[in-house]
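I have placed the structure first, in the form of structure tokens, so that the comments after it can refer back to it.
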Protein chains: 2
Amino acid sequence: MADVVMDSGQGTSAGRDVTDLVLQDILAGVLLPGTWLKQIDLERRYNCTRPEVRRALDRLAQKRLVEHVPNRGYHVYEPDGRRAREVSEIRIILETAIVGTIIQNASLADIASLRGLAEQFDFMVLNGTMLELYEANLAFHRHLLILGGNLELVDLITEIRQRTSSAPVSQWRTRARVEQSSREHHLMIDAIEAGDAEYLKGLVRQHILQG
Amino acid sequence: MADVVMDSGQGTSAGRDVTDLVLQDILAGVLLPGTWLKQIDLERRYNCTRPEVRRALDRLAQKRLVEHVPNRGYHVYEPDGRRAREVSEIRIILETAIVGTIIQNASLADIASLRGLAEQFDFMVLNGTMLELYEANLAFHRHLLILGGNLELVDLITEIRQRTSSAPVSQWRTRARVEQSSREHHLMIDAIEAGDAEYLKGLVRQHILQG
DNA sequence: GTATCCTAAATTGGCGCCAATTTTGGATAC
DNA sequence: GTATCCAAAATTGGCGCCAATTTAGGATAC
């Protein structure tokens, strides 16, 4: 029996589960770092019940996106310079490590798909919300990582990407940076086409460090 | 560190979080892969309430140690060859990446501490339970990783180590392998003392691949 | 006028009940 | 004898209530 049910893992799910809704609002910058997440407020905001709110908060606390203070509540994690730096370092280690495999596995069809996703990102820069831009970026990078052939790694990177919750908002404020990201996406694809692993590694590193 | 090892059936399980208790039982092999975790059973087994059980199961499902099938329950994840291989690959990438930093940062005091932890592991091989052995191993590797200077990375590796839950039991059955691990621990410390990064990388890779 | 204490409102968090769904066992029909 | 169907038991999971703790505000003493 094909009884495969997509539980609320870390996949990109539609805004059904409360956990994802809160997560999206944190990533979109609606719920700012330091904000206390009162259960009664979330209950009303997302039109859901108390237990659902509590489960969502517990899950986000496990993911270390919010902090739980016993008998006082949950609040959005404040950006931590050290942590952000360390997460970036981890991402650089992981994402540069599979550059070789990505280049080996990339077919012409893959490159075409990547171009499409990169262009979709460009489109969202002009006509899209912050969230749509974020998701387009995620889709591009996800497709790129899948070429690495390690699905666990794709999930892991997607997961630790969220650990610098405040990053997307605070770093993507300027249009210049977003357009820089856009250019780098295309340069990455060029590097894959050219089969230049070392150049791609440099691009990935730079891309992560700037956001 | 005195580790609280809970025997099943015992009554007073005060203080400890239920999630950790179930986690330890999965890691220790008491709860075998595929087992259905009925809420009523866990409730009685760990002397806790229904909501506590459900929270623990939800958390373990988030960590992907158990799988949740709606309206049917939770069961311990079956070992997946592909996943285990991919997790090993990730660990190799991360742990070999910080070998250089580890060697740079390792003081004489650190090396002495590592020797002590390695010897504690040796001791547990002879006079210790499976869980104590597992924890001694964890303590050694944790101390090693901390020398890398990236605390997020330490937590991350500790976390993904648990993703191959069935590994410790199934792979550590033979004494030969455990003693091989023991030898490798000491060889790693030797490599650190000698400042030989490349040799240490090879050891780490081999250590992860064999379990 | 300010600090402290005490009371009241608000919030968190534990707990049990009940409905919805699934599983199991047995009875019946072919 | 076997397959199918139905009913009873068991299990999951949603929901709301109430106690414990914290916070805020006001009254009182100095």
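Each chain gets a letter, A, B and so on, in the order the sequences are listed, and its residues count up from 1.
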Take the protein atom NZ of A/Lys38 and the nucleotide atom C1' of D/dA24, then report the distance between them rounded to whole Å.
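The answer, rounded to whole Å, is 12 Å.
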Using a 6.0 Å cut-off, check whether atom CZ of A/Arg205 has over 12 heavy atoms from anything other than its own residue.
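No.
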Would you compute the distance between atom CG of A/Leu65 and atom CG of A/Leu31 and round it to the nearest 0.5 angstrom?
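Answer for the CG-CG pair, A/Leu65 versus A/Leu31, is 11.0 Å.
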Just how far is it from atom NE2 of A/His68 to atom CG of A/Leu60, taken to the nearest 0.5 Å?
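Reported to 0.5 Å precision, the distance equals 13.0 Å.
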For chain B and DNA chain C, what are the first and last nucleotides along the strand, 5' to 3', with at least one atom under 4.0 angstrom from a heavy atom of the protein chain?
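Span of nucleotides near chain B: C/dC15 to C/dT23.
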Taking side chain to side chain contact (heavy atoms under 4.5 Å, CB included) as the test, write out the residues that go with A/Arg50, two or more places apart.
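Expected list: A/Gln39, A/Ile40, A/Glu43, A/Arg54.
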Is there a donor-acceptor contact under 3.5 Å from the side chain of B/Glu86 to the main chain of A/Glu152?
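Yes; at least one donor-acceptor contact below 3.5 Å.
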On DNA chain D, check which nucleotide each of A/Arg72 and A/Glu43 is closest to and give me the residue with the more 5' one.
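Looking at DNA chain D, the more 5' nearest nucleotide goes with A/Glu43.
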